[in-house]
Amino acid sequence: MGETTRTRIGWTDLPEHVRAGVERIIGDRVVAAQSQSGGWSPGSADRVRTAGGRRAFVKAVSPAQNDRSPGMHRAEARNAAALPASAPAPRLWGCHDDGEWVALVFDDVAGRHPATPWNGPELDAVLTALEAMATALTPAPVAHAPTAAERLGYDFAGWHRIAADPPERLDPWAGAHLDELRAGADRGIAALSGDTLCHCDLRADNLLIGADGGVSVVDWPWACRGPAWLDTVLLLVNVRLHGGHDTEALLRTRPMTADADPADVTGVLVGLAGFFVDAARYPAPAGIPGLRAFQQAQADALLPWLAARLG
């Protein structure tokens, strides 16, 4: 299943005063815009070109598209502005925020999302980039970022909510192992200590690969302080979803995860699975009709992996 939304607005859908605010940040008049696929925000995501030939990436949203999205854009603006130059992320030019519309203007990174199912060379390039990123972002350079335990605490309590109110179609293996899964997710929360700035939302659609093979990590609203191996584990969930690679072997051999306590890694995977199983049963949020199916697909990919890890 593609990691995308089909309800995205475009540059020309933005109110005139928002477009004018963006043009003030860029310093020139926008004459062309190309909407980009990928991601889950129902807001705009456009590569723009100005009359003078400047290029930028613009993303904008209001509560009319989704009531939570403006807050996410504001969080991303704070995080992106604090990222050091060593982070493999596009530079934030500025933010237009009128209290309703929030528009972010970034460097336009010439690149494309990795292919899914993942191919070996691109996966190796991305994992290598994440390892370098974790080193560059330790200690965490964004003082206001919450801890990973704070960021993921509610999500990882999913198995507790499921045990109290099981979904109608709960996976039989999960239903028979709820006590073990609740304990595992609690272990996962306890394992999230660390002082690396983590992206915390790693998937193919939040990555760009340039013509030179360089990797850029985009969309930083969920940044948090956690263990150096967290982003690698999150990326491997996406790899597991799309298939074609031995994620167990990658956990054992990649530098960021090889030395991590396997029980800690299992706990994080258990917590993520509980979040996906719990979230998938609810109605889709406004403007994001495919999200619940994507969450269910991730749960379906994780549960057999957990059954094998837990033995």
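For the atom pair CG (Leu207) and CG (Leu235), the distance works out to 6.0 Å, reported to the nearest 0.5 Å. Note that the CG atom of Leu152 and the CG atom of Leu272 stand 7.0 Å from one another [nearest 0.5 Å]. To the nearest 0.5 angstrom, Asn79 atom CG is 7.5 Å from Leu197 atom CG. Atom-to-atom distance recorded for Met133:CE and Leu83:CG is 9.0 Å, nearest 0.5 angstrom.
Using a 4.5 Å cut-off on side-chain heavy atoms (C-beta onward), Pro63 and Glu100 make contact. Considering only heavy atoms from C-beta on, Ile9 stays 4.5 Å or farther from Pro42 through its side chain. Annotation: side chain of Val58 is not in contact with side chain of Val30 (no heavy-atom distance under 4.5 Å). Inter-residue side-chain proximity for Arg78 and His144 is flagged as met; some heavy-atom pair is nearer than 4.5 Å. Two residues are said to be in side-chain contact when any heavy atoms from C-beta on lie closer than 4.5 Å; Ser44 and Trp11 fail this criterion. In this structure, the side chains of Gln34 and Gln36 come closer than 4.5 Å at one or more pairs of heavy atoms. With contacts defined as side-chain heavy-atom distances shorter than 4.5 Å, the pair Thr128/Arg254 qualifies. Using a 4.5 Å cut-off on side-chain heavy atoms (C-beta onward), Cys224 and Glu150 make no contact.
Within the 3.5 Å criterion, the main-chain N or O of Ser35 finds no donor-acceptor partner in the side chain of Arg47. Side-chain atoms of Thr135 come within 3.5 Å of backbone N or O of Glu131 as a donor-acceptor pair. With hydrogens and angles ignored, the 3.5 Å screen pairs no side-chain donor or acceptor of Asp278 with any backbone N or O of Phe275. A donor-acceptor pair under 3.5 Å is absent between the side-chain atoms of Thr116 and the main chain of Trp118, judged by distance alone. For Trp159 (side chain) and Ala183 (main-chain N/O), no donor-acceptor pair under 3.5 Å exists by modelled atom type.
Every side-chain hydrogen bond (donor to acceptor under 3.5 Å, both in side chains) that Asp186 has, sequence neighbours left out, goes to His160. Remark: Thr138 engages Thr196 in a side-chain contact (heavy atoms from CB on, under 4.5 Å) (not counting sequence neighbours). Residues satisfying the side-chain hydrogen bond (donor to acceptor under 3.5 Å, both in side chains) test with Asp212, not counting sequence neighbours, are none. Legend: residues meeting ring pair (Phe, Tyr, Trp, His ring centres under 6.0 Å) with Trp229, ordered by chain and number and at least two apart, are absent. In this structure Trp93 satisfies the side-chain hydrogen bond (donor to acceptor under 3.5 Å, both in side chains) test together with Asp107, sequence neighbours excluded. Residues that satisfy the side-chain hydrogen bond (donor to acceptor under 3.5 Å, both in side chains) test with Asp97, not counting sequence neighbours, are Arg74. Here His73 pairs with nothing under the ring pair (Phe, Tyr, Trp, His ring centres under 6.0 Å) rule; sequence neighbours left out.
Listed here is the closest heavy atom pair of Val277 and Ala299: CG2-CB, 3.6 Å. The two residues Pro146 and Ala223 make their nearest non-hydrogen contact at CD-O, 3.6 Å. Closest non-hydrogen pair, Leu306 versus Thr266, comes out as CD2-O, 4.2 Å. Nearest heavy-atom pair, Pro166 versus Arg281, reported as atom, atom and distance to 0.1 Å: C-NH1, 3.9 Å. The nearest pair of heavy atoms linking Glu122 to Pro114 is OE1-CA, 3.4 Å. Residues Pro167 and Ile162 share a closest heavy-atom pair of CD-CG2, 3.7 Å.
Residue pairs meeting the salt bridge (Lys or Arg N to Asp or Glu O under 4.0 Å) criterion with at least one member in residues 301-311, sequence neighbours excluded: Glu248-Arg309. Listed by first and then second residue, the salt bridge (Lys or Arg N to Asp or Glu O under 4.0 Å) pairs that reach into residues 264-275 are Arg187-Asp264, sequence neighbours excluded. The salt bridge (Lys or Arg N to Asp or Glu O under 4.0 Å) contacts involving residues 283-304 comprise nothing, where partners must be two or more places apart or lie in separate chains.
In the hydrophobic clustering of ILVMFWY residues, with side-chain heavy atoms under 4.5 Å counting as a link, Val237 and Leu241 come out apart. Under the 4.5 Å side-chain heavy-atom criterion for ILVMFWY residues, a single connected hydrophobic cluster contains both Leu137 and Leu234. Under a hydrophobic-cluster definition in which Ile, Leu, Val, Met, Phe, Trp and Tyr are linked whenever side-chain heavy atoms come within less than 4.5 Å, directly or via other members, Leu170 and Trp173 are assigned to the same cluster. Leu310 and Ile189 fall within a single hydrophobic cluster, where Ile, Leu, Val, Met, Phe, Trp and Tyr are joined by side-chain heavy atoms under 4.5 Å apart, directly or via other members. Hydrophobic clustering keeps Leu14 apart from Met72 (ILVMFWY residues linked when any side-chain heavy atoms are closer than 4.5 Å, directly or through intermediates).
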Discussion item. Set out, in order, the CA-CA distance, both residues' side-chain angles and the distance that settles side-chain hydrogen bond (donor to acceptor under 3.5 Å, both in side chains) for Asp179 and His177, then state yes or no.
Written reply: CA-CA 6 Å; Asp179 288 344; His177 292 81; over 6 Å; no

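In summary, the aromatic rings of His199 and Trp220 are positioned with their centroids under 6.0 Å apart.
Using a 4.0 Å cut-off between charged nitrogen and carboxylate oxygen, Lys59 and Asp46 do not count as a salt-bridge pair. The residues Arg54 and Asp28 are annotated as not salt-bridged, no charged nitrogen and carboxylate oxygen being separated by less than 4.0 angstrom.
Counting Ile, Leu, Val, Met, Phe, Trp and Tyr side chains that sit under 4.5 Å apart, directly or through other members, Leu104 shares a hydrophobic cluster with Phe57, Leu92, Val102, Phe106. Cluster partners of Val218 are Val109, Leu208, counting Ile, Leu, Val, Met, Phe, Trp and Tyr whose side-chain heavy atoms approach within less than 4.5 Å, directly or via other members.
The closest side-chain donor-acceptor pair between Thr247 and Arg240 falls under 3.5 angstrom.
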